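All values derive from a computational prediction rather than experimental measurement.
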Protein chains: 2
Amino acid sequence: MDKKTTIRDVAQRAGVSPSTVSRVLNPHAAVHMRPATRERVLEAIRELRYTPTKSAQRMRRQRGDIIGVLLPDISNPYFSLLARGAESIAFEEGYSTLICDSNHSVERESRYLDLLMAEQVDGIVFVPVGTPDWQRIQRLRDQGVRIVAADRCQDRLLGVEADNWHGSHCLTQHLLSLGYRQIAYIAGPLEVRTTQERLRGFQDAMRNAGLDPIVIRHGAYTFDSGYQLASEVLAGHSVDALMGGDDLVALGAMRAAESLGIDVPGQLGITGFDSVPLLSLIHPALTSVRIPVYEIGRESMTLLVRHIGTTDSPGDPTVLPVELVPGSSCRQCKEPSPRLDSSLTSSPHDRGGD
Amino acid sequence: MDKKTTIRDVAQRAGVSPSTVSRVLNPHAAVHMRPATRERVLEAIRELRYTPTKSAQRMRRQRGDIIGVLLPDISNPYFSLLARGAESIAFEEGYSTLICDSNHSVERESRYLDLLMAEQVDGIVFVPVGTPDWQRIQRLRDQGVRIVAADRCQDRLLGVEADNWHGSHCLTQHLLSLGYRQIAYIAGPLEVRTTQERLRGFQDAMRNAGLDPIVIRHGAYTFDSGYQLASEVLAGHSVDALMGGDDLVALGAMRAAESLGIDVPGQLGITGFDSVPLLSLIHPALTSVRIPVYEIGRESMTLLVRHIGTTDSPGDPTVLPVELVPGSSCRQCKEPSPRLDSSLTSSPHDRGGD
DNA sequence: ATGAAAGCGCTAACAC
DNA sequence: GTGTTAGCGCTTTCAT
């Protein structure tokens, strides 16, 4: 097992001092040096295949070149797309990313915040599970760690999110314009910010139309939860449309309707939320709201990187536009309502993924 | 911005020397100490909320507590499940994971190998894109970095993979037992090991049955590629079954058949491979082979952790069993063939996810 | 324009 | 049992 090549090896080989090598590596130190010297050093570096050791740099500089990405579940395509967006920017900017999976657990989330602290990250792109541990957040900040909330903004944090309220509002109006009236809503966990916003958008649109929801239920953002709750709702209430808190829930609802022999969209309209790429392959195509989640990742990281080394500030959330995606899980047009708001933002911040 | 709390602060507060604090933190150093002292130190740590700085430890110990996970695309649910499996073990074992996304690019992969080297990782769970950069791999090994190939084994590396050959063989036999005879295969990239294995399984089964494939085509593991190639194949050949290299490709094929007005499974049987959770929601349900990918992640990491600090050895790949998942994308039973191999392994290593 | 020297926070000999 | 000491590999004054 070889000995690690150090800056001294390079120095020796180039016939200079370690500090000179360091200066070649960190041009920001802006001193002028004889081109011949620099050249000799560069050559030695190449010959020895020298790579500076991150932990030593970090130790000396007190933090450097690493950013944490903390999210609830990397195996969820929604979050992994977000992570990928964030990572792409970080990589461009020369940062390493430490992706951490809190597994929807606030406790694990806190453990990871500690870990990120110990790793001396420069900043964190943070998708919180419910209400985060503010004490830890504060401690991180005191250490100068910048934090940007992604997808689920928090009052005291810089953040980037989608316009969930607007998306949900439009979606509801869309349903109404199609003639649906007896609408039930199967929401996600109440403590999650996006759940709240979507619910508000729905309720506001209903109120505007002078209607009341048939019923609102809460569950997890999973297929099973959607299936379960939809079955109950369909058994106990007379509804003509079911709105899911996200696409998975809506899909669960779709299968529930199917197994009850209810025709979609004939007897029942169904809507989702998120419009994750894979799900667009489902049949019948889900009426949903596309969230530019890859872009949320990129934008959060961009904001974070710009923010690092700058004075800390709370700042307003950046809100990214969403897009209504009509599908065949609702009837196509019927009984158009007079008060349709068609000011749907057609996002310039689109996908961008590859 | 607060000053970092160091081991000396703790020492001072507890009225002991830094080394004593260090000994409390690293019990493996196994010296006995007066319980009272240990208690005072622990209390000081608690009061000061002290966390040892990773980079300092790493520097001193020459590497520690960090493992890289390098894969082709974190936004692909297949790989993100693998990552999650790997991470879950690492977390249990007290390692941080550095998840890196090579974006299907060998060049980016090499860059990340360098980065992982600079980060002084203890080991790497590695899902290679095609043929890896052996020179870099060798350099990493020379530094004592252990590497385990996951999902796509490599000759000179320890590895964990699924029994792709067997899965593909069974799948083909399944098709044959259903009476399908004119079978075309739409494979993934030839340089990927799993592609090769699946192809071999298919070809061997066909040969055994005394049949020739109608045609074999290669493309990417994407929906679009599947759609494109399936359209071409269906236009130019008379086939009664289409096998996709993975589920996404099969899905593309399904949509291609649909848009050509071909009935599935009436006129055409379709099969996939992987059986990623989300896709099971598709309709008609894809006949596929379930790969325990979460388990591949866990197993690779387990192997890696056990391997760290041990002498390096090549070793045979660990092969995990797969499971045939019959679906409605093929006709149900017909013209049963006499030579069906029904020795399908029903995996004890199942999902395990939450 | 370059070198010498002093640590960053921690651990591991080696003393006592 | 516990303290003292000497660095790990790097950056950064401060000299020259």
Side-chain angles (χ1 to χ4, degrees), chain A residues 1-42 44-45 48-66 117-120 122 143-144, chain B residues 1-42 44-45 48-66 117-120 122 143-144:
Chain A
M1 174 169 149
D2 304 7
K3 192 83 204 63
K4 224 232 167 276
T5 317
T6 79
I7 203 171
R8 308 180 74 115
D9 301 329
V10 178
Q12 196 157 16
R13 173 125 191 159
V16 296
S17 78
S19 13
T20 303
V21 178
S22 176
R23 283 194 271 263
V24 172
L25 262 36
N26 307 27
H28 70 89
V31 274
H32 288 305
M33 49 192 321
R34 198 177 295 127
T37 316
R38 139 174 280 109
E39 208 34 73
R40 245 180 318 134
V41 171
L42 285 173
I45 290 180
L48 265 37
R49 287 199 176 73
Y50 167 73
T51 323
T53 303
K54 291 280 188 191
S55 53
Q57 295 187 310
R58 231 163 256 160
M59 167 115 119
R60 188 54 240 238
R61 304 209 272 236
Q62 302 287 64
R63 115 178 338 125
D65 301 350
I66 186 158
M117 180 119 138
E119 291 284 359
Q120 299 178 95
D122 297 299
Q143 300 297 324
Chain B
M1 173 168 150
D2 303 8
K3 190 86 204 60
K4 228 247 165 256
T5 320
T6 82
I7 203 172
R8 311 179 73 113
D9 300 329
V10 179
Q12 197 157 16
R13 173 124 189 159
V16 296
S17 80
S19 18
T20 304
V21 178
S22 176
R23 286 197 193 66
V24 172
L25 261 36
N26 307 27
H28 71 90
V31 273
H32 288 305
M33 49 190 324
R34 197 176 294 130
T37 319
R38 145 174 275 109
E39 208 34 72
R40 248 183 314 138
V41 170
L42 285 173
I45 290 180
L48 266 38
R49 289 203 176 69
Y50 167 73
T51 323
T53 303
K54 291 280 188 189
S55 54
Q57 294 187 311
R58 228 161 260 159
M59 168 114 119
R60 187 54 241 238
R61 306 210 271 236
Q62 299 291 63
R63 109 178 347 123
D65 301 350
I66 185 159
M117 177 116 139
E119 292 283 359
Q120 300 178 95
D122 298 299
Q143 301 298 321

(request) Sugar-phosphate means primed atoms, P, OP1 and OP2; the rest is base. With that split, encode nucleotides 6-16 of chain C 5' to 3' as B, S or - using protein heavy atoms under 4.0 Å. (result) BBBBBBBB---
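- Atom-to-atom distance recorded for B:Tyr50:OH and B:Arg8:CZ is 11.5 Å, nearest 0.5 angstrom.
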Only pairs under 3.5 Å count here: list side-chain donor-acceptor contacts from residues 28-35 of chain A, not counting sequence neighbours, and write none if there are none.
none

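- Only one option out of A:Thr5, A:Val41, A:Leu48 pairs with A:Arg13 in a side-chain contact (heavy atoms from CB on, under 4.5 Å); it is A:Leu48.
- Heavy-atom nearest nucleotides on DNA chain D were determined for A:Thr20 and for B:Val16, and the one closer to the 5' end corresponds to B:Val16.
- Summarising the local packing, CD of B:Gln12 is surrounded by 12 or fewer heavy atoms from other residues, nucleotides or ligands at distances under 6.0 Å.
- Taking every nucleotide of DNA chain D with any atom under 4.0 Å from a non-hydrogen atom of chain A, the first and last of them, 5' to 3', are D:dG9 to D:dT12.
- The CD1 atom of A:Ile66 lies 5.0 Å from the CD atom of B:Glu119; values are rounded to the nearest 0.5 Å.
- Closest of all the heavy-atom pairs between A:Pro18 and A:Ala11 is N-CB, 3.6 Å.
- Of all heavy-atom pairs between A:Pro52 and A:Leu25, the closest is CG-CD2, 4.0 Å.
- Computed from coordinates, the A:Arg38 CZ to C:dG3 P distance equals 14 Å when rounded to whole Å.
- Partner of B:Arg23 under the side-chain contact (heavy atoms from CB on, under 4.5 Å) criterion, chosen from B:Val21, B:Thr20, B:Asn26: B:Thr20.
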